[in-house]
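Below, chains carry the letters A, B, ... as their sequence lines are ordered, and counting in each starts from 1. Just so we're clear, the structure is a prediction, and the values are computed from it rather than from any experiment.
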Amino acid sequence: MSYFFIENIMDHYKNPRNMKEIKDANSVFGDSNPTCGDTVKIFLKVNEGKIDDIGFQGHGCALSMASSSLLTEMAKGSELQEALKITENDLMKELGITELGPNRIKCIALPVKTLKMAIIQYLSKANHAGGGT
Amino acid sequence: MIEDLNSIRSDFPIFEFNPKLVYMDSAATSQRPKKVIDKVAEVYTQYNSNVHRGIYSMAEKVTEEYEDARKEIAAFLGTSAEELIFTKNTTESLNLVAYMLLPKLKNGVITITELEHHSNILPWRKVASLANAEIKTVAVDQEGKINEADFEKKISGTSVFSFAHVSNVAGTTLNAKKMIRTAKAEGAITVVDGAQAAPHIKLNLHDMGADFYALSGHKMLGPTGIGILYGNKKLLEDLEPPFSGGEMVKEVHAEGQEWNDVPWKFEPGTPNFAGAIGFGEAVKYLEKIGMGDIELYEKKLGRALVEELTKIDGLEYIGPMENRASLLSFKLRGYHPHDIAAFLDTRSIAVRSGFHCAQPLHEKFGFFDGSARASLYFYNNMEEIESLARALKELVKL
């Protein structure tokens with residue numbers, strides 16, 4: 001079935017969750033898909049190794065925006081190490097998509113990659129600042 | 001006239017295999033008639049051997065077929081066979097000519113237009129950086145037509161002028177002959193990107209006067225991986241081959257060598273001979289239908305496409321209203337181009353979405369998410385345009 005008729009996707013697309021800027025975020029990372037112009041920016045508020053709050057801003061097709069929205073729901077409240085493990089397949093399962101061609105998987109991969117980079121950026125900053133404490 | 005469209009469609013196995021398919025992505029790649037597919041299979045099953053090498057009868061046969069294809073394509077384009085270099089596609093042709101012209105570009109000026117797709121921008125940027133040359137870009141107006149005053153201004157002092165004959169996004173058809181005349185009067189070498197023109201327009205390259213003309217076989221019923229670079233014979237003889245190897249050389253000694261004659265000196269290594277022979281068959285098929293008829297019929301399709309689609313609320317498109325190729329790049333308020341294409345796919349309508357390898361042009365017209373593009377060929381019909389319009393209206397109501 002085309003993603004166009006999957007209610008969960010259209011719901012997330014039309015009513016995105018956590019679509020917000022977090023002013024006091026401790027990691028912000030943005031990336032884009034050069035082939036289609038999709039952009040996603042992720043804001044993380046991390047506290048004691050856990051994602052206390054997460055927000056995203058972006059621009060793109062229904063698939064990329066719905067998966068960004070859902071991803072923030074999945075990541076919110078979880079340990080950083082757990083959030084790092086979220087894959088495109090996990091997102092597809094949650095969205096209710098059984099298969100996606102190589103050209104469209106990029107739409108889902110963008111938020112997944114962006115979240116990972118935001119977490120890695122946070123971790124490397126924390127390492128530098130705290131000297132490992 | 002193209003009267004019996006049903007019989008034409010039945011020449012294309014893809015429509016038999018996908019009876020519901022409304023294929024509107026021919027600017028990306030066309031479909032192929034059975035004759036072309038069979039011809040490629042014939043090469044591999046009946047006389048597969050390398051060209052220009054063996055002296056046994058099968059090797060003679062394949063060489064003859066390969067060179068006959070070149071002659072067939074030359075007649076189709078209005079050139080002589082020795083002026084046609086077989087390449088992989090338009091992109092390779094443009095890269096090849098850019099590197100051929102590199103020695104002539106030292107501190108020179110390369111002029112292109114805002115209509116170019118990436119393949120007619122990036123090779124020039126590469127050679128420009130090597131030759132310390134400057135790139136000038138001729139502006140287009142709001143309808144995607146060449147700004148004549150800007151052209152007159154920028155063409156002066158140009159060493160190489162390279163432009164798209166037909167834009168793959170705006171659908172604008174340029175007056176190639178006139179522009180080439182102006183450019184040549186300024187002493188420029190002219191290069192034409194004919195990828196979107198050669199499949200749809202009756203060409204006579206000698207009459208047009210272009211020094212170089214690039215095109216792809218796969219956009220005009222031929223196999224993938226085969227293209228052409230036409231070059232004026234005198235220039236081809238003078239220019240050095242940027243790439244070398246077997247086949248392109250006459251004599252190689254411990255010291256020194258003598259390049260082969262044109263066009264072979266620009267075809268190093270084993271060429272895509274099956275593709276070339278298949279391309280020859282494609283051109284025969286186009287000749288049989290008649291390029292003049294194809295042009296007339298597609299004008300009607302192009303006009304109907306604009307008329308039907310502009311009735312849809314919130315639809316905006318790039319390019320001129322009149323005199324356009326049978327393609328339309330558009331956006332629909334509130335819908336990302338990928339979503340338009342994905343929805344149309346549920347109605348078995350295949351359109352492209354994205355930047356179509358022409359991001360600067362999209363940005364110029366404020367299409368920052370790209371566009372959806374319906375591009376038609378002579379095997380499309382009016383009913384399919386109506387189906388497209390119906391599906392888009394359905395999407396808007398969703």
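Evaluation of the side chain to side chain donor-acceptor pair (under 3.5 Å) test over residues 99-108 of chain A, restricted to residues two or more places apart or in two chains, returns A:Y3-A:R104.
For B:M382, the CE atom sits in a packed shell: over 12 heavy atoms of surrounding residues, nucleotides or ligands are nearer than 6.0 Å. Under a cut-off of 6.0 angstrom, the local environment of NZ in A:K20 is crowded, with over 12 non-hydrogen atoms contributed by other residues, nucleotides or ligands. Other residues, nucleotides and ligands contribute at most 12 non-hydrogen atoms within 6.0 Å of the CG atom of B:D313.
We find the NE2-OG distance between B:H338 and A:S64 to be 8.5 Å, quoted to the nearest 0.5 Å.
Ranking A:H59, A:M65, A:M10 against chain B, the residue ahead of the rest is A:H59, based on heavy-atom pairs under 4.5 Å.
Minimum heavy-atom separation, B:D339 to A:L63: OD1-N, 4.3 Å.
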